[in-house]
2 protein chains.
Amino acid sequence: MSDHRDSSEGGTPAMARPAFLLSSLGLQVADEFTERLRPLGLEPIKFALLAHLEPAEGSSQQSLADALGVHRNAMVGLVDELEEQGLVQRRPHPHDRRAKALHLTEHARELVERGYRVADEHDADLLSALEESERPQVVSLLRRVAEARGVSPRGHPCLTQNSGSVEQTSTGRADEEPE
Amino acid sequence: MSDHRDSSEGGTPAMARPAFLLSSLGLQVADEFTERLRPLGLEPIKFALLAHLEPAEGSSQQSLADALGVHRNAMVGLVDELEEQGLVQRRPHPHDRRAKALHLTEHARELVERGYRVADEHDADLLSALEESERPQVVSLLRRVAEARGVSPRGHPCLTQNSGSVEQTSTGRADEEPE
DNA sequence: TATTGTTATACTCTATAACTATA
DNA sequence: TATAGTTATAGAGTATAACAATA
């Protein structure tokens with residue numbers, strides 16, 4: 001099966017090139033996670049939002065946006081939709097009347113739980129072609145590569161939206177809002 | 001260094017999840033390749049086009065589009081730009097007056113050569129954090145995972161454009177045009 | 001003066017349809 | 001009737017700017 005025409009490419013077959021292999025696999029994996037999440041009515045970025053919010057309820061949109069690496073402008077639409085889905089609520093912020101305190105609904109907490117299970121299944125299926133003993137090996141090797149290259153959770157495909165504002169920000173840093 | 005706040009995520013830290021690790025790394029790698037290719041005046045899809053054309057000069061736009069997994073509509077713009085860059089030429093096709101036979105210029109052949117070198121360097125740098133002996137290990141492990149999941153060069157991020165036409169195609173198959 | 005949330009706008013990308021000339 | 005190349009258009013996604021309320 002599969003038409004391996006890669007040998008026509010410049011000496012090294014494409015699938016023997018680490019970079020090509022990694023980027024191809026990475027995209028396929030991201031796409032598949034998106035599909036697995038779809039039945040829950042969530043896109044990856046929305047799952048990430050809910051998951052980040054779960055241990056930090058009451059956060060402002062701005063601080064959540066910072067944590068996710070998205071711009072606050074994009075945050076508005078995300079929260080709009082999640083609110084329509086009955087997953088988050090915007091409440092007045094106790095310490096800052098400009099801000100909205102975000103809260104999860106009970107339904108959302110269930111969804112986050114299910115989302116993590118989907119991720120667990122995805123992870124398990126992903127490496128199912130390898131021997132039990134080999135799985136921690138790849139993860140460890142990949143992790144070392146990722147660390148050496150400064151890959152952080154923040155740079156994730158799903159979270160890649162508008163994160164760099166050119167607006168006039170003098171301090172350049174917003175502080176955490178507790179509780 | 002790096003603020004590892006991943007431990008806040010549902011039991012398993014994000015960077016310990018194979019799927020998250022792979023998709024994050026994959027995106028970063030793809031982005032970096034794009035950057036490394038930029039000085040050549042090439043985007044990945046254009047490099048792929050030239051590289052595919054190199055051992056198959058005289059191909060029609062349609063057959064090249066099929067090989068790359070892009071739609072022929074998108075092909076037009078790509079070839080337009082490559083022609084403006086003085087990298088490809090559209091000549092009359094010897095056997096089919098509807099088609100254009102694509103040919104590389106001498107400059108393009110040099111660029112393809114340089115592009116492959118960029119890819120080689122990228123591959124080398126990518127795994128430089130690992131021991132010599134570990135590098136073929138990751139590649140082998142990843143390749144087995146990729147094969148088990150049916151990941152082919154065709155599904156590459158760079159090549160992901162409009163490949164599914166809904167137009168009326170009865171036979172659904174175009175034949176190769178030699179020489 | 002700076003920041004939060006919001007809205008509107010512009011810009012890029014991609015997908016689809018439709019046209020022409022050939023087959 | 002089907003296919004190669006082309007063009008135009010529509011839609012999604014993303015980035016930027018600007019505004020009102022509040023700090």
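Computed from a predicted structure; not experimentally measured. Values reported hereafter were calculated over all heavy atoms of this structure, with side chains retained and with hydrogens, waters and symmetry mates removed. To find a chain, count down the sequence lines: A is the first, B the second, and so on, and within it residues start at 1.
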Picking from C/dG5, D/dT6, C/dT7, the nucleotide nearest the side-chain atoms of B/R90 would be D/dT6
What residues, two or more places apart in sequence or in another chain, satisfy salt bridge (Lys or Arg N to Asp or Glu O under 4.0 Å) together with B/E134?
-> A/R144
When rounded to whole Å, the CG to C1' distance for the pair A/N73 and C/dT4 reads 11 Å
Once you round it to whole Å, what is the distance between C1' of C/dT6 and NZ of A/K100?
-> 8 Å
Length of the line joining A/M75:CE and C/dT7:C1', which is rounded to integer Å = 17 Å
Please give, in whole Å, the distance from D/dT3 P to B/D66 CG?
-> 11 Å
Residues forming a side chain to side chain donor-acceptor pair (under 3.5 Å) with A/E81, sequence neighbours excluded = A/K46
Does the separation of the ring centres of A/F47 and A/Y116 fall below 6.0 angstrom?
-> yes
Using atom NE2 of B/H71 as one end and atom P of C/dA18 as the other, report the distance to the nearest whole Å.
-> 13 Å
Atom CZ of A/R72 to atom P of D/dT14: distance rounded to whole Å?
-> 18 Å
With A/E131, which residues qualify under salt bridge (Lys or Arg N to Asp or Glu O under 4.0 Å), at least two apart?
-> none
Using atom names, set out every protein N or O paired with an N or O of nucleotides 21-23 of chain C below 3.5 Å, distance rounded to 0.1 Å.
residue : atom : partner : partner atom : Å
C/dA23  : OP1  : B/R97   : N            : 2.9

Considering just the side-chain nitrogens and oxygens of A/Q62, establish if one lies under 4.0 Å of OP1 or OP2 belonging to C/dT4.
-> yes
Protein-nucleotide distance (B/I45, atom CD1; C/dT14, atom C1'), rounded to Å | 13 Å
Partners of B/R149 by salt bridge (Lys or Arg N to Asp or Glu O under 4.0 Å), sequence neighbours excluded?
-> A/E32
For B/E83, which residues count as a salt bridge (Lys or Arg N to Asp or Glu O under 4.0 Å) partner, sequence neighbours excluded?
-> B/R90
Selected nucleotide, minimal atom distance to B/A99 side chain, candidates D/dT6, D/dA4, C/dT6 | D/dA4
